[in-house]
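First the structure, in the form of structure tokens, and then the observations on it.
Whatever order the structure lists them in is the order used to number ligands and atoms, beginning at 1.
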Amino acid sequence: MNYKNITIAGSGVLGSQIAFQSAFFGFNVTVYDINEAAIEKAKTLFAKHKETYGAFFNDTARAEKALESLHYATDLAEAVKDADLVIEAVPERMDIKKGFYEQLAQVAPEKTVFASNSSTMLPSQFAEFTGRPEKFLALHFANEIWKNNTAEVMGHPGTDEKYALEVIEFSREIGMIPFHLHKEQPGYILNSLLVPFLDAGLQLWAKGVADPETIDKNWMIATGAPAGPFGILDVVGMETPYNLNVAKAQAGVPGMQELADKIKTEYIDQGKMGVNSGEGFYKYPDAAYLQPDFLKK
Ligand code: NAD
């Protein structure tokens, strides 16, 4: 074990999961957020994680112990005072992340390695603000970390490989399967594959080539995959493809505004947000693509 003390900065959806996972696997975890209200919100998430982990790992006592072991801080210097590793999971906004790293650089001990969980930004965009570019890299988790246990480890050109290897070891120690990217890549491995795949499905639908069920069925029968693009999109939720397509439209990509509008009027405006709202491209919990006869006709 290289690391013992882990600080998670930002205790929202992902930060709370990374913190709980690390505590569950025996690390000394401090949860940092901007104010008491945010910490209180996080405590509600941690109470839920305790139930989820207890059930998933079939060990309620260990989940209870993890919950009780968490430390909380709203003062950054206090939160990182003996940290071996800080994992940043603050909002996906350049200004917030930049401000966070500038502040962190002032107060973190020299030994501390910094890792960003950013999904869409690259470590090279922040390296200069960290004051220790050689000890800075991305450590990217997937939502529902306890079961979707990938950890993508990606440095920028100035990252010292030694720290990437330490972070890989840490990720293994908290039950992840690490993936070491040897170059910076927007979207890492997963989203480099997934985003164009989901886009291709949406384009077939938007152009009227086929309906979502037909597109999914074709993919599932032909490849043996357990879901097609629309089954996956329902898990992701409608917000993400909508925002991505609006951004592409603003960047001048033709056809994207029409696609964004179609998602909005046919799904978002009707409250069909995906699995979480009970309906998206499919109706839940008994989505058609999950039925045994879906692939037979
Ligand atoms: P979130 O909005 O749920 O949580 C962000 C947290 O950061 C909040 O608790 C907020 O109070 C806190 N915060 C705001 N400013 C802060 C600051 N200056 N210092 C410390 N904390 C601050 O966001 P999220 O969905 O957990 O995403 C966080 C990061 O994780 C993003 O970089 C995102 O790209 C990445 N990520 C998200 C997902 C996902 O599915 N949500 C998956 C993988 C990676």
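- The protein atom (non-hydrogen) at minimum distance from atom 25 (O) of ligand 1 is V13 CB, 3.8 Å.
- Closest to atom 44 (C) of ligand 1, if we only count protein heavy atoms, is S119 OG, 2.9 Å.
- Under the 3.5 Å distance criterion, the side-chain polar atoms of E152 are left unmatched by any main-chain donor or acceptor of L181.
- Residue S118 has at least one heavy-atom neighbour below 4.0 Å for each of these atoms of ligand 1: 32 (O), 34 (O).
- With a 4.0 Å heavy-atom cut-off, ligand 1 is reached by no atom of T120.
- Side chain of N117 to backbone of F141: a donor-acceptor contact under 3.5 angstrom is found.
- Under the salt bridge (charged side-chain N to carboxylate O under 4.0 Å, His left out) criterion, K4 pairs with no residue, sequence neighbours left out.
- Here the shortest heavy-atom distance to atom 5 (C) of ligand 1, taken over A79, A89, G10, G15, belongs to A89.
- Within ligand 1, counting atoms from 1 as listed, the ones closer than 4.0 Å to a heavy atom of Y32 are 19 (N), 20 (C).
- With a 4.0 Å heavy-atom cut-off, ligand 1 is reached by no atom of M121.
- Every N/O-N/O distance between A38 and ligand 1 stays at or above 3.5 Å.
- The salt bridge (charged side-chain N to carboxylate O under 4.0 Å, His left out) check on E266 picks up K262, with sequence neighbours excluded.
- Contact annotation for H140 and ligand 1: only side-chain heavy atoms (C-beta onward) come within less than 4.0 Å of the ligand.
- A distance below 6.0 Å separates the ring centres of W219 and F197.
- Side-chain contact check for E166 and N2: no donor-acceptor pair (N or O, by modelled atom type) lies under 3.5 Å.
- Selection from A42, A142, P91 by nearest heavy atom to atom 14 (C) of ligand 1 gives P91.
- Residue, atom and distance of the protein heavy atom nearest to atom 40 (O) of ligand 1 are N143 CB, 3.6 Å.
- A cation-pi arrangement is present between K217 and F294, with the terminal nitrogen or guanidinium carbon under 6.0 Å from the aromatic centre and inside a 45° cone about the axis.
- Of the polar atoms of E88, none of the N or O atoms is found under 3.5 Å from an N or O of ligand 1, judged by distance alone.
- Hydrophobic clustering of Ile, Leu, Val, Met, Phe, Trp and Tyr side chains at less than 4.5 Å, counting indirect connections, unites I263 with V246.
- The protein reaches atom 34 (O) of ligand 1 closely, with a heavy atom under 4.0 angstrom from it.
- Residue-ligand proximity, K97 to ligand 1, at heavy-atom distances under 4.0 Å covers atoms 31 (C), 32 (O).
- The backbone N or O of S119 sits nowhere less than 3.5 Å from a side-chain atom of N191 that would complete a donor-acceptor pair.
- When hydrogens are left out, the protein atom nearest atom 43 (C) of ligand 1 is F141 O, 3.1 Å; that is the closest non-hydrogen contact.
- Of the protein's non-hydrogen atoms, the one nearest atom 30 (O) of ligand 1 is N117 ND2, 3.0 Å.
- Near I96, the atoms of ligand 1 lying under 4.0 angstrom from a non-hydrogen atom of the residue are 15 (N), 18 (N).
- No donor-acceptor distance shorter than 3.5 angstrom exists from the side chain of K98 to the backbone of Q125, with no hydrogens or angles considered.
- No option in D211, L198, D216, T214 other than D216 meets the side-chain contact (heavy atoms from CB on, under 4.5 Å) test with F230.
- Using a 3.5 Å distance cut-off with no hydrogens or angles, the side chains of Q203 and D199 do not pair a donor with an acceptor.
- Contact between Q103 and ligand 1 is absent, with no heavy atom of the residue lying under 4.0 Å from the ligand.
- In this structure, atom 23 (O) of ligand 1 is not in close contact with the protein, since no protein heavy atom lies within 4.0 Å of it.
- Shown in contact with S11 at under 4.0 Å from a heavy atom are these atoms of ligand 1, numbered in order with element: 6 (C), 9 (O).
- Looking at E92 next to ligand 1, an N or O pair under 3.5 Å apart turns up.
- The aromatic rings of Y267 and F281 sit tilted, their planes meeting at an angle between 30° and 60°.
- When hydrogens are left out, the protein atom nearest atom 10 (C) of ligand 1 is D33 OD1, 3.5 Å; that is the closest non-hydrogen contact.
- Not one N or O of I34 is nearer than 3.5 Å to an N or O of ligand 1, by distance alone.
- Ring geometry for H180 versus H182: interplanar angle of 30 to 60°, hence tilted.
- Ranking the protein heavy atoms by distance from atom 4 (O) of ligand 1 puts G12 CA, 3.2 Å first.
- With respect to atom 39 (C) of ligand 1, the closest heavy atom belonging to the protein is L14 CD2, 3.4 Å.
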